[in-house]
Amino acid sequence: MKTDLKAAPKVPARKKDAAAIPAAWDYAAAPESKDIVKIADHYGLFIGGKFVEPLSKQRYTTIDPATEEPLSEIAQAGKADVAKAVRSARDAYTSRWSKLRPSERAKYLYRIARILQERSREFAVLESRNGGKPIRESRDVDLPLAAAHFFYYAGWADKLEYAFPNRTPKPIGVAGQIIPWNFPLLMLAWKIAPALAAGNTVVLKPAETTPLTALLFCDVLRQAELPPGVVNIITGDGRTGAELVSSPDVNKIAFTGSTEVGKAIQRAVAGTGKRLTLELGGKAANIVFDDAPLDQAVEGIVNGIYFNQGHVCCAGSRLFVQESIYDAIISKLKRRMRTLRVGDPLDKNTDVGAINSKAQLEKIAGLVQSGIDEGAEIYQPPCKLPERGYWFVPTVFTNVAQSYRIAQEEIFGPVLSVLTFRTPDEAVEKANNTPYGLSAGVWTEKGSRILSMAQRLKAGVVWANTYNRFDPASPFGGYKESGFGREGGLHGLEPYLAFDEG
Ligand code: NDP
C-alpha cells in the first residue's frame with residue numbers, strides 16, 4: 001500500500017516547558033513560627049515560688065546566637081541572692097517536701113512531665129532561639145527526653161525502698177545544681193527529676209548563655225503547683241555557680257560542664273562533707289570495623305559529631321576506621337557532608353544550627369587552625385553561611401596523628417578527626433589513649449566483637465551500631481577526666497540519697 005505522505009497527520013511541535021528544569025533539589029524554607037513563645041524584656045530570680053528582683057541589682061543580656069539579636073535581660077545572682085535561694089530550698093525541705101508522702105511527690109513529677117509535653121512546641125522554639133540548635137533536634141530529642149526523665153523518676157518516687165532493698169533510702173537535703181549550655185532544658189531535667197523524686201529540694205543555675213528555657217520552666221512549676229521553694233532557679237555566670245558551690249548549707253553539688261571547672265569545684269568541695277557528682281568533657285572514639293554496614297556507619301558518624309553542632313560531651317569526635325575500608329568511608333562521608341544543611345535553627349530542614357556563643361566559635365576556630373598548623377588535612381563541604389550570627393562549617397580532618405591537639409582536646413564543635421587502625425587491639429589502645437572516658441561507638445556485624453570491645457574500652461557508655469542514643473532508664477557518666485557519678489536510671493538516684501545500711 002502506498003502511503004500518502006502529504007496526507008499524513010502533522011505531529012504538533014513539542015511545546016517548550018515553561019518551568020525551568022531544576023538544577024538542584026533545594027529545600028524550600030520551612031521556618032517554625034516564633035510567635036508561640038513570649039519572651040519577657042527581663043527576668044528576675046525564681047526563689048520561693050516567685051520571681052524576685054536580684055539583690056545584686058545586676059543584669060546581663062541574653063542573645064539569639066543565630067542572629068546576635070538581644071532576647072532578654074537576665075538577672076546576675078550575687079552572694080546574697082544565692083544565700084536567699086539556698087535558704088528558700090532549706091525551708092521547703094524541712095517544712096514540707098521531705099515530709100510529703102512519696103506518692104504525693106510522684107504526682108508533682110508526673111504533672112511536670114505532662115505539662116512539658118503539652119507545652120513542648122513552645123519550649124522547643126525557645127531552646128532553638130536561645131541556644132542555636134536546630135528545631136528538629138529540640139523538638140524531637142531535647143523535649144521528649146526531658147519529659148521522659150520526669151515521667152521515669154516520677155515512677156521511682158514511691159518505690160525507693162524496692163529500688164534499694166534493705167538500705168532504707170532517705171533524702172539528703174538541698175542540692176545545688178549547675179548545668180551547661182548544650183542541652184539546657186534536658187540537663188535541667190536530668191538534674192531536677194531524680195533530686196525531687198528522692199525527696200530533696202533544689203537550687204539550679206543554668207548556663208549564662210542559655211537561661212531562657214529554665215526560666216520558662218518556672219512557669220511549669222507554678223502550673224504544677226509545686227510547693228514554693230522546692231525548686232529555685234538562679235541565673236548568672238560562673239561567679240554565681242562558684243557561690244552556690246561554696247554555700248555552707250548545700251548538701252550536694254551536681255555539675256555538668258568542662259573538666260577545668262569540674263576540677264575547680266572538686267577542690268572547693270574537698271573536706272566540706274558535701275556530696276559531689278561531675279559529668280565533664282569527652283573525646284569519644286567512634287570505631288568502624290571493616291565488616292560494618294558502611295552506609296549505616298556513615299549515618300552514625302555524622303550523627304555522632306554533627307548532631308547539636310558537636311556541642312555534645314559524648315560526641316564521637318575521634319573516628320577510628322579500619323585501614324581496609326578507609327577510602328570507602330572517607331568518600332561516603334564527604335558525600336554525606338555535602339548534603340548537610342547549615343543555617344536558621346528555626347527552619348525544620350536545618351541539620352546544623354548556630355554555634356552557641358562567640359567565645360565557643362573562637363575556641364573551635366582556634367583548635368581547627370591548630371589542626372591545619374600541625375599538618376592534618378582539612379575538608380569542609382561547600383556551604384553558604386548566614387551573614388550574622390555564629391557559624392562553623394561541618395569539618396573533617398584526615399591524616400591526623402594521635403598527638404595533635406585536635407585528637408586530644410575536646411573541641412565541642414562540628415569537627416571530626418579521623419585516625420586509622422588495623423587490629424581490634426590497636427583500636428582499643430588508640431581509643432583509650434585520652435584523658436577522657438565518657439563514651440564510645442563500635443560498628444561491626446560481629447556480636448562477640450561488640451562485647452569484647454565494650455569490655456575493653458574505658459568509656460562510661462559504649463554504643464554498638466548506633467550513636468547518641470539516650471533513655472532515662474540508662475545510666476550515663478564517665479571514667480577518668482570525664483567525671484564520676486551516674487545520671488539516669490537507678491544509678492542516677494543514688495547520689496541524691498543517704499542510706500542506713502544493714
Ligand atoms: P563551663 O564548665 O565553664 O560551664 C558549665 C557551667 O558551670 C555553667 O553554668 C557555668 O556558668 C558554670 N561555671 C563556670 N565557672 C564556674 C565555677 N568556677 N564554679 C561553678 N560553676 C561555674 O563550660 P563553658 O560554658 O565555659 O565551656 C567551656 C568549654 O567546656 C567548652 O568549650 C567545652 O569544651 C566544655 N564544655 C563541656 C560540656 C560537657 O558537657 N562536657 C558542657 C559545656 C562545656 P557560665 O555559663 O556562666 O560559664
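Order of appearance sets the numbers: ligands from 1, and atoms from 1 within every ligand.
Here the closest non-hydrogen pair linking A214 and I233 is CB-CG2, 4.1 Å.
In terms of modelled atom types and a separation under 3.5 Å, the side chain of N200 and the main chain of A195 share a donor-acceptor contact.
For residues 360-380, the set of pairs meeting the salt bridge (Lys or Arg N to Asp or Glu O under 4.0 Å) definition, not counting sequence neighbours, comprises K358-E362. Sorted by first then second residue, the salt bridge (Lys or Arg N to Asp or Glu O under 4.0 Å) pairs that include residues 73-83, not counting sequence neighbours, are K79-E243.
Residues lining ligand 1 at a heavy-atom distance below 4.0 Å are given as I178, I179, P180, W181, N182, K205, P206, A207, E208, G236, D237, G238, G241, A242, F255, T256, G257, S258, V261, I265, L280, G281, C313, Q360, K363, E410, F412, ordered by chain and residue number.
With sequence neighbours left out, the side-chain contact (heavy atoms from CB on, under 4.5 Å) criterion links L145 to V141, L186, F470, P472.
With a 6.0 Å radius and a threshold of 12 heavy atoms from other residues, nucleotides or ligands, E429 has its CD atom at or below the threshold.
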